[in-house]
Amino acid sequence: MSFTLATWNINSVRLREPLVCQLLEAEGPDVLCLQECKSPVDKIPMERFRELGYQHIVARGQKGYNGVAILSKLPLEDAGDRDFAQLGHARHVAARLENGVTIHNFYVPAGGDKPDREINEKFGQKLDYLTEMRDWFHSERPEKAILVGDLNIAPREDDVWDHKKLLKIVSHTPVEVEHLGEAQEAGAWVDVTRADIPEGNLYSWWSYRSPDWNAADKGRRLDHVWATPDISNAAHGSRILREARGWEKPSDHVPVFATFDL
DNA sequence: ATGGTTGCTATGCAA
């Protein structure tokens, strides 16, 4: 059995319902994980998604902020959620496919502007969120699992447009990279995208504030696909749909894909 | 050091 999965920070699922449909029609992933839906679950426009064959939907939402959803052609069951760092935010949901694979969909806190928890509470919350992810994976020891989402950290030098310029910019500071690395290690998660594409710069996000995103290309790889070692060898075909950043009324993030042969 | 843009929702906050 083979299935293709995509992850996309959609930055309002209601505003961008047409773009979600465009992606589902053009690419037809078996599973699409969305973040920043910015919608209560009962206001997610599910009808069009269902018409396109995505009959199975698991979501967590809140008004205006955060929100995660998993749209699937394949049957899946809700596998719960966790409120890491007790923020009361809809930032995680899990679902289980019939083949026993668990999919974790994450939206890690962005962390505010200043990379200093003494003066910026949000940065501390981001680090705490990652620490609690680490502790949970350490106790849980995930198996046959895939973790995707907007992790709001670009860990490698070639995950950003200028490593040195970004060392003090939230999303690429050493302390964040270290926290993310500990969470990854605790679950023995394999970075599927980088296992597939080990060389070269990779970005999944370009700021709205950069006037000519394509020419300037000041991107970061904030969106990730991880898998546990028991299934990571089954992953291939990773790609990042850069062109989606140029679509009409785009999200600032683009979809990241991987295929699993299981 | 600062501002640049977008979305939600009605004013500033979060990203």
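Values in this document were obtained by computation on a predicted structure and should not be read as measured data. Letters A, B, ... mirror the listed sequences (proteins, then strands); counts begin at 1.
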Within 45° of the six-membered ring axis of Y203(A) and under 6.0 Å from that ring's centre, is NZ or CZ of R220(A) located there? no
OP1 or OP2 of [N] less than 4.0 angstrom from a side-chain nitrogen or oxygen of [X], does that happen here?
X       : N       : value
K249(A) : dG7(B)  : yes
K63(A)  : dC8(B)  : no
S12(A)  : dT6(B)  : no
R14(A)  : dG7(B)  : no
R91(A)  : dA15(B) : yes

Does a donor on one side chain and an acceptor on the other come within less than 3.5 Å for [X] and [Y]?
X       : Y       : result
W8(A)   : D150(A) : no
D261(A) : S2(A)   : yes
Y208(A) : N11(A)  : yes

Using whole Å, report how far [atom1] of [X] lies from [atom2] of [N].
X       : N       : atom1 : atom2 : answer
Y107(A) : dA14(B) : OH    : P     : 12 Å
D113(A) : dT5(B)  : CG    : P     : 16 Å
L87(A)  : dA15(B) : CG    : P     : 10 Å
R220(A) : dA15(B) : CZ    : P     : 14 Å
K114(A) : dA1(B)  : NZ    : C1'   : 9 Å
E248(A) : dT6(B)  : CD    : P     : 12 Å
K38(A)  : dT6(B)  : NZ    : C1'   : 7 Å
N66(A)  : dC8(B)  : CG    : P     : 13 Å

Suppose you measure atom P in dA14(B) against the same atom in dA1(B); what distance do you get, rounded to whole Å? 23 Å
For the P atoms, the ones on dT6(B) and on dT2(B), what distance do you get once it is rounded to whole angstrom? 23 Å
Closest-nucleotide mapping onto DNA chain B: is P250(A) or E36(A) further toward the 5' terminus? I mean the 5' end. P250(A)
Closest-nucleotide ordering on DNA chain B, the 5'-leading residue of A110(A) and R16(A): R16(A)
Under the criterion ring pair (Phe, Tyr, Trp, His ring centres under 6.0 Å), which of F84(A), W136(A), W226(A) is the partner of H104(A)? W136(A)
Which one, dA14(B), dG4(B), dC8(B), comes nearest to the side chain of R209(A)? dG4(B)
